[in-house]
Amino acid sequence: MAEDKLPKRSEDFSAWYNEIVTRAELAEHSPVRGCMVIRPNGYGIWELMQQALDRMFKDTGHVNAYFPLFIPQSFITREAAHVEGFAPELAVVTHGGGKELEEPLVVRPTSETIIYSMYAKWVQSYRDLPILMNQWANVVRWEMRTRLFLRTMEFLWQEGHTAHETEQQAEEETLRMLGVYRTFMEEYLAMPAVTGLKTDSERFAGALRTYSTEVLMQDNKALQNGTSHNLGQNFAKVFGLQFQSREGSLEYAWNTSWGVSTRMVGGLIMTHSDDNGLVTPPRVAPIQLVIVPIFKTDAEKLTVMEAAEEVFRIIKAAGVRVKLDDRDSMSPGSKFYDWELKGVPLRMEIGPKDVEKNTVVIVPRVELSQEEAPKPGKKQKLFISRTELLARIPQLLDRLQSQLYENAKARREANSIRNVTSYDQVKELVARDAGFIYAGWCGSAECEAKVKEETKATIRVIPFPEFQSAEKPSHCVVCGGSAKHEVIWSKAY
RNA sequence: CGGGGCGUGGCUCAGCCUGGUAGAGCACCUGGUUCGGGACCAGGGGGUCGGAGGUUCGAAUCCUCUCGCCCCGACCA
């Protein structure tokens, strides 16, 4: 077969990423520029993400609904900041049914306007609040430059939209959902996320405050993969979302919105995968374990397949997402490479020797520090008795899940540079893609813009206390004025 | 939208400069032998050269326009 190897991450990270996406059959370009077809391998990951998130949303009291794709253009233009933010990336429908429309329809870039206009109809009194709703949808934003999963003109996401009596309740909701995202990313995607507040320049168009989760990719660029906004009363005022308060007065509701998208799939790839291909954390792996039977003679094939099928049934019954690779046109070695490329967490080999000894061989996609170390230059192979399988496989999946998280977190820590006090050092660090750069900032948009202009790095976030350095910076790394915040600078996707 | 690169069977690419009517490897199909880290032999199917227009007796090859992809920059989840 002699398949070509992937480009190496260290040599061409972009090419490596693109090759993984297409060769692992996650997605490919559509005939329409900037749009993508998500193939079953990629969509399977997204489905598992959806399932887990949806459960978490329900557990925090949210319900799902669906609002339409088309939004009257006039809705978008009502909220000043919102229009300004989205105008350049709107797709507008001007014709329908063969006639020019009286009012053009915007293909939703996000649904604040249509949703809050509806909430306004549904809410009369404080008794109707809070509204805690979510929708799973596609949205369209006209983009100049696109990349599969990371930035496409149409993407899939969920957008939560809530309405509350008080600013404090809205703020609590905003932070609660940011926390849900972080938990989800860490527990399911094995992605260590830094959470914090966005600066004014990075804030969502129409929000009071925007918070985000930021994850460091293997090329040391940051990926914002979740945002949560406290919208204040901006949209409520524009769409007349009012309620009679407990005191009898008429008040505008306080809104929040929060979303994550298929961009997370791209982040997942860039966090864990290696030069052999995709690496998928077990909890979001469409196939968690693949069984590769090995045999020479027909007699061996018979006994090996019988054993493989039995193991398959047992493991499947235990709730593991397992596949038996019974393709007979491919050699086992070739299958090994194939499943490594596709990121399956565990591979099981069953051959004549295993049948004889009533064992199987398991090879984890990523080396597990808790298991016996491999021989130098070899892959880690675990020899497991068939009688232990039901206990061992879930354990190995768990260990792989946490191993990926530990690896990613260690990498992030190794590439977080704290207490940077000179601007020259910032320039030097950004120039060599050093990662997350923690430094003081005076809070001025001028200093922020200067750094962006001169280095391409932006303030990713004003990190929450648990991420802040032990020693608080005293001066702005740009102007030398007194520091208002410690911020994280980094190049970003 | 600016700069650069590239579009030739499913994939990677040769052919283009010096026009003469399309080729390789891999993949795919059939049969056989194989199978513990990318198997081998034999046979076979498949492209009109991104698209449109032009020059020419004749265009993958020359010219014009256009579409798309990739990289870099400005904008962004």
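The structure displayed is predicted, hence computed values, not measured ones. Values below: every heavy atom of this structure, side chains too, minus hydrogens, waters and symmetry copies. Labels below follow one simple rule: chain letters A, B, ... track the order of the sequence lines, proteins then strands, and each chain is numbered from 1.
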Check: Residues in ring-ring contact (aromatic ring centres under 6.0 Å, His included) with A:Tyr423, at least two apart?
Finding: none
Protein-nucleotides 3-10 of chain B N/O pairs closer than 3.5 Å?
none

Check: Does B:rC71 have OP1 or OP2 sitting under 4.0 Å from an N or O in the side chain of A:Asn18?
Finding: yes
Taking only N/O atoms, report every protein-nucleotides 30-32 of chain B pair under 3.5 Å with atom names and distance.
none

Checklist line | Any residue meeting salt bridge (Lys or Arg N to Asp or Glu O under 4.0 Å) with A:Lys221, in chain and number order, not counting sequence neighbours | finding: none
Checklist line | For RNA chain B, the residues among residues 343-368 of chain A that have a non-hydrogen atom under 4.0 Å from it | finding: A:Arg347, A:Glu349, A:Gly351, A:Pro352, A:Lys353, A:Asp354, A:Val361
Item checked: Partners meeting ring-ring contact (aromatic ring centres under 6.0 Å, His included) with A:Phe235 (sequence neighbours left out) -> A:His82, A:Tyr116
Checklist line | Contact residues, residues 445-460 of chain A to RNA chain B [heavy atom, < 4.0 Å] | finding: A:Lys452, A:Lys456
Margin query: Taking donor-acceptor contacts at under 3.5 Å, does the side chain of A:Glu340 reach the base of B:rG37?
Written below: yes
Note to self: Within the structure provided, determine whether A:Asn64 and A:Trp136 are in side-chain contact (heavy-atom separation under 4.5 Å).
What the structure shows: yes
Margin query: Please check: side-chain N/O of A:Asn225 versus main-chain N/O of A:Met264, any donor-acceptor pairing under 3.5 Å?
Written below: no
Checklist line | Rounded distance in Å - CG (A:Leu150) to C1' (B:rA77) | finding: 10 Å
Checklist line | Closest to side chain of A:Ser14, choosing from B:rA77, B:rC71, B:rC69 | finding: B:rC71
Output a table of donor-acceptor pairs, distance under 3.5 Å, between side-chain atoms of residues 85-93 of chain A and any protein atom two or more places apart or on a different chain; print 'none' if there are none.
none

Checklist line | Backbone of A:Leu148 reached by a side-chain donor or acceptor of A:Thr152 within 3.5 Å | finding: no
Margin query: A:Arg327: which residues meet the side chain to side chain contact (heavy atoms under 4.5 Å, CB included) condition with it, sequence neighbours left out?
Written below: A:Asp325, A:Met330, A:Lys335, A:Asp338, A:Trp339
Check: How would you list, by chain and number, every residue that makes a side chain to side chain donor-acceptor pair (under 3.5 Å) with A:Tyr181, sequence neighbours excluded?
Finding: A:Gln158
Pairs under 3.5 Å (N/O, protein and nucleotides 33-35 of chain B):
unit_1: B:rC35; atom_1: O2'; unit_2: A:Phe295; atom_2: O; d: 3.1
unit_1: B:rC35; atom_1: N1; unit_2: A:Phe295; atom_2: O; d: 3.3

Note to self: Counting primed atoms plus P, OP1 and OP2 as sugar-phosphate and everything else as base, spell out the protein contacts along nucleotides 41-46 of chain B at 4.0 Å heavy-atom distance: B, S or - for each nucleotide, 5' to 3'.
What the structure shows: ------
